[in-house]
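Below is one structure, written out as C-alpha cells; the observations come after it.
Residue numbers begin at 1 in each chain, while the letters A, B, ... track the order of the sequences. Computed from heavy atoms alone, side chains included, the values below leave out hydrogens, waters and symmetry copies.
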There are 2 protein chains.
Amino acid sequence: MGKNRITIHDVAAKAGVAISSVSRVLSGHLDVSEKMRAKVESAVAELGYEPDHLAQSLRKGATNTIGFMIRDITNPLFSIVAQSAEHELRKAGYSMILINSHGDLEAEKENFALFKRRRIDGVIASLVSEDSPYVRNTISELGSPVVLLDREVTGLNASAVICDHASGVKHATADLIKNGFSRIAFVSGRKDVFISRNRIKGYEEALSEARIKVDENLIRLGKFGEDFAYEQTKDLFSGKGAPDALITGGIGASTGALRALKELKIKPGKDLAFVALDEWPMFDVLTADLSSVYRDPEEMGHQSARLILDLIAGEATAQAVVPTLYRRRASSKKV
Amino acid sequence: MGKNRITIHDVAAKAGVAISSVSRVLSGHLDVSEKMRAKVESAVAELGYEPDHLAQSLRKGATNTIGFMIRDITNPLFSIVAQSAEHELRKAGYSMILINSHGDLEAEKENFALFKRRRIDGVIASLVSEDSPYVRNTISELGSPVVLLDREVTGLNASAVICDHASGVKHATADLIKNGFSRIAFVSGRKDVFISRNRIKGYEEALSEARIKVDENLIRLGKFGEDFAYEQTKDLFSGKGAPDALITGGIGASTGALRALKELKIKPGKDLAFVALDEWPMFDVLTADLSSVYRDPEEMGHQSARLILDLIAGEATAQAVVPTLYRRRASSKKV
DNA sequence: GTAATTACTGGAAACGATTCCTAAGTCTAA
DNA sequence: TTAGACTTAGGAATCGTTTCCAGTAATTAC
C-alpha cells in the first residue's frame, strides 16, 4: 500500500539538494543548471514522486477546480453539457466538482457556500431562479468568477451562455400556423427565468406576425419538471376550447405532456400537432417523428468552459449565444 | 469583492485569544470554558468566518472528496447513479469529483493518477475493463479505498456493487421461450466484464432448462455503445437464419439495435419479440411497450456511496447486490 | 499548608508545497 | 588583482489549519 507518501523532501534528500531546488526544477522555472536538473529528475523518476495537489493549491491560492451546479444531472441535456464542459476543463488542467441543486433554492445557497469553502476557482451554474437579491449577493460574495447557463443577470461580474430560444420557437410556431393551426398551446417551466421569457417571446412574435391574438389560457408556465406539465396538459384538454397544437418546453415538461397525451389517447402528429423544445437522446429513434427545437448541448458545455477559463485568466465578462434550430418532422402536421 | 480572506488569525485577534483556542472551539473538541466559547463564537459570527477547507485537508490528511469515474455520464442510467451517490455523499460531508473515461483505458489510467494527486478519500468507478494486471496495480497503488460498479475484481481491497443480471435475463429469456420463440439473439457489450458474463449466464441457463441448444451465431458480444450493436443487428437479419426474438444489453446497445430495426422496418412487438436490458427515462412513455430487465440506478448510487463511506470508516470490503426485475410488456410477444 | 490532580490556554510544530531573499561561486572587464 | 555583474543553490517564510506539548491557575486530597 502507498502508506507513506513521497514528498518533495524525500526527493531533495535522495538528490542531495534543497527542496527549493526540486521545486524549481519541477516547475521549469528559473535558471537551474543541467547537472541539477538531471539529479532531480532522476530522483523524481526513481521515487515516482508526484507533487501533492493540496499543498500546491494552498500555497498558490488556486485549486484548479471548477464547481458545476445544475438542477438535475439526470436531465440528458444537462448531462451532455456537463460532460462536454468537463472534457474541456480537464484539457486545461482543471477538475470539476459536480453538485445537484434539485431545483431547490436553499440547496443552491448551501452549494455556493460549499464552493466558497473549497476555494473553487470558478463556478458554472444553471440557477433555479434568476436575478433575485439573493443571487446577486451570493455571487458577488463568492469571490470567484461565475458563468451562468441560460440566465440573464445584469450588472454582475458573471459571464453567460444563453441560447437563442426565441428564434427557434418563432420558426416552429410560424410553421404550425402555416400548416393551419391557430390554437397553439404552450407549456413550459418557471416564467421568471430567461429561458421561458425568451421562448414565449418567439411564440408571441410568430402569433403577432400572423395577426393571431394571444390566448392567455393556452399559455401554461409554472414549474420545471414532469408533474406540472402533466397536470396542465390534462387541464388543457379537459374542457371546451382545446388546442389543436402543443409546444412543450424543456425535457421534463415534454415528458409530462407526452404522458398526459398518452393517457388521453391523443396521438401527437395525428390528433394534435406537437413540437418539443429540446431533444433527448435517441429522439429520432424512439419518438414517432416528433418535431423539435434543437440546441447543441455540447456547444453549451464547450462555451461555458471557455468562458470560465477566460474569466479566470482575467478577461472581461462576456456572453456566448448558442443558436437553436427548428427541426420539422411529421408531428408539425395532423394527418 | 471578498478579496481579503478572513482567517483563523483574524478571529483569534478579534476575540483576543490564541488561534489554537479558536480551532478548539470550532471543532467542539476538548475542554473549553464557556467564556472562551462565547468570545470565539461571537467573533466568528461577527466576521462571518468559515474555515478554509484546503488548509483543513492538508493538515488532517483527508479531503472529504470522492472521485466518481464512469465511462459516460451521458448514459442516463449512470447519471442517475451519479446523482444518487452524490446526494448520499453530501449528506455525509463529502463532495464528488466527476470524471468521464470515455471508455478509454488510457484516460482511465490518467484519471486514477489525478485522483491520487488530489488525495481523494475514495473512488467509485465503473471501469472500462476488469481484472487486468493494470487494474490491480493502479488500484492497489492508489492508496485509497475503491468501490467498483458491476465488476468482479478478486483479491483486491475493493468493495463492489453488483447487479443480479443473470436472474432478470433468465426470467426474460424463459418468458420468450414460453411464448414460442427459440431463435433468441443476444446483443451486448464487451464480453470480458462481469456484466456481460452474468447476463449471458442467465440467457444460457434459460435455454438449457428448455433444452434449446445455444447458437453461438446469435450471441454478439463486442463493444459498448451504439455502433457495435447497430452493425450486429443489421448483420443478424442480413442472411438466412434470422432470429425471432432479440435481447439487447445496455442502453447504448439497445439504442443501436432499435435504430437498425427501424431502418430494416422490423417492428419490435410485431415482427420480432424484443427485450431491452436496462431502461432509460420515459421508457414507458416513449417506447411502444417494450419489455425490459430493470435495475434501480438510485439503489446502485445509494449502495456505492454507503460502501465507500464504510471503507473510509475502516470497515472491511463488502459486496452489495442489486436485484433486477423482468418487466414483461407487449414486445415479449409478436402479434 | 503542601502536594497532586484537573481544567484550561497559548506557543509552536506540523501538513507539503512555492517563492523571496541572500550568499556563494563563476566569469568578465578594467 | 579586484570590482562588478551574473548564475545558481540553499534557507526560511508563507499558505491556513490542527494538534501536541507545556505551563499556569484553580481545585482537591492529605
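- For the pair Leu58(B) CG and dT18(C) P, the interatomic distance rounds to 12 Å; values are reported in whole Å.
- Side-chain proximity of Arg24(A) to the nucleotides dT9(C), dC20(C), dG16(C) is greatest for dC20(C).
- Taking atom CD of Glu34(B) as the reference point, atom P of dC8(C) lies 9 Å away to the nearest angstrom.
- Applying a 4.0 Å cut-off to non-hydrogen atoms, the residues of residues 8-18 of chain A that approach DNA chain D are Val17(A), Ala18(A), listed by residue number.
- Between Arg59(B) and Gln56(A), the residue anchored closer to the 5' end of DNA chain C is Arg59(B), taking for each the nucleotide with the nearest heavy atom.
- Residue-level contact check: Ser33(B) touches the backbone only, with heavy atoms under 4.0 Å from sugar-phosphate atoms and none from bases.
- Using a 4.0 Å heavy-atom cutoff across all strands shown, Leu54(B) reaches no nucleic acid atom at all.
- In this structure, Ser20(A) reaches the bases: a heavy-atom distance under 4.0 Å links it to at least one base atom across the strands shown.
- Here the P atom of nucleotide dG10(C) and the NZ atom of Lys35(B) are 11 Å apart, to the nearest Å.
- Here the P atom of nucleotide dG16(C) and the CD atom of Glu50(A) are 15 Å apart, to the nearest Å.
- Nucleic acid contact class of Ser23(B) (heavy atoms, under 4.0 Å, all strands): base.
- Summarising the geometry, the separation between CE on Met36(A) and P on dG25(C) is reported as 14 Å, rounded to the nearest angstrom.
- With hydrogens and angles disregarded, no donor-acceptor distance shorter than 3.5 Å links the side chain of Gln303(A) to the backbone of Val321(A).
- Looking at Leu127(A), Leu307(A), Ile124(A), Val161(A) one by one, the single match for side-chain contact (heavy atoms from CB on, under 4.5 Å) with Leu148(A) turns out to be Leu127(A).
- Classification of Lys116(B) and Glu50(A) as a salt-bridged pair fails, no side-chain N sitting under 4.0 Å from a carboxylate O.
- Residues satisfying the side chain to side chain contact (heavy atoms under 4.5 Å, CB included) criterion with Ser95(B), sequence neighbours excluded, are Ile97(A), Leu114(A), Arg118(A).
- Contacts of Ala18(B) classified as side chain to side chain contact (heavy atoms under 4.5 Å, CB included), with partners at least two apart in sequence or in another chain: Ser20(B), Ser21(B).
- Salt bridge status for Asp10(B) with Lys14(B): absent, with no side-chain N to carboxylate O gap under 4.0 Å.
- Bracketed by its first and final contacts, the part of DNA chain D lying under 4.0 Å from non-hydrogen atoms of chain B reaches from dG16(D) to dC20(D) in 5' to 3' order.
- A donor-acceptor pair is defined here as one N or O able to donate and one able to accept, closer than 3.5 Å; such a pair exists between the side chain of Asn100(A) and the backbone of Ile73(A).
- Five base pairs at each end of the helix from dG1(C)-dC30(D) to dA30(C)-dT1(D) define two local axes, and these are offset by 60° (rounded to 10°).
- A search for side chain to side chain contact (heavy atoms under 4.5 Å, CB included) contacts involving Ala92(A) returns Tyr94(A), Leu309(A), not counting sequence neighbours.
- A straight line from CD1 of Ile19(A) to C1' of dT19(C) spans 11 Å, rounded to a whole angstrom.
- A donor-acceptor pair is defined here as one N or O able to donate and one able to accept, closer than 3.5 Å; no such pair exists between the side chain of Glu299(B) and the backbone of Val322(B).
- With rounding to the nearest 0.5 angstrom, the CD atom of Glu130(B) is 9.0 Å from the CG atom of Asp150(B).
- Minimum interatomic distance between Ile308(A) and Gly122(A) (heavy atoms only, all atoms of both residues): CD1-CA, 4.0 Å.
- When the C1' atom of dG10(C) is taken as reference, atom NZ of Lys39(B) falls 12 Å away, rounded to whole Å.
- Within 6.0 Å of CD in Glu152(A) there are more than 12 heavy atoms belonging to other residues, nucleotides or ligands.
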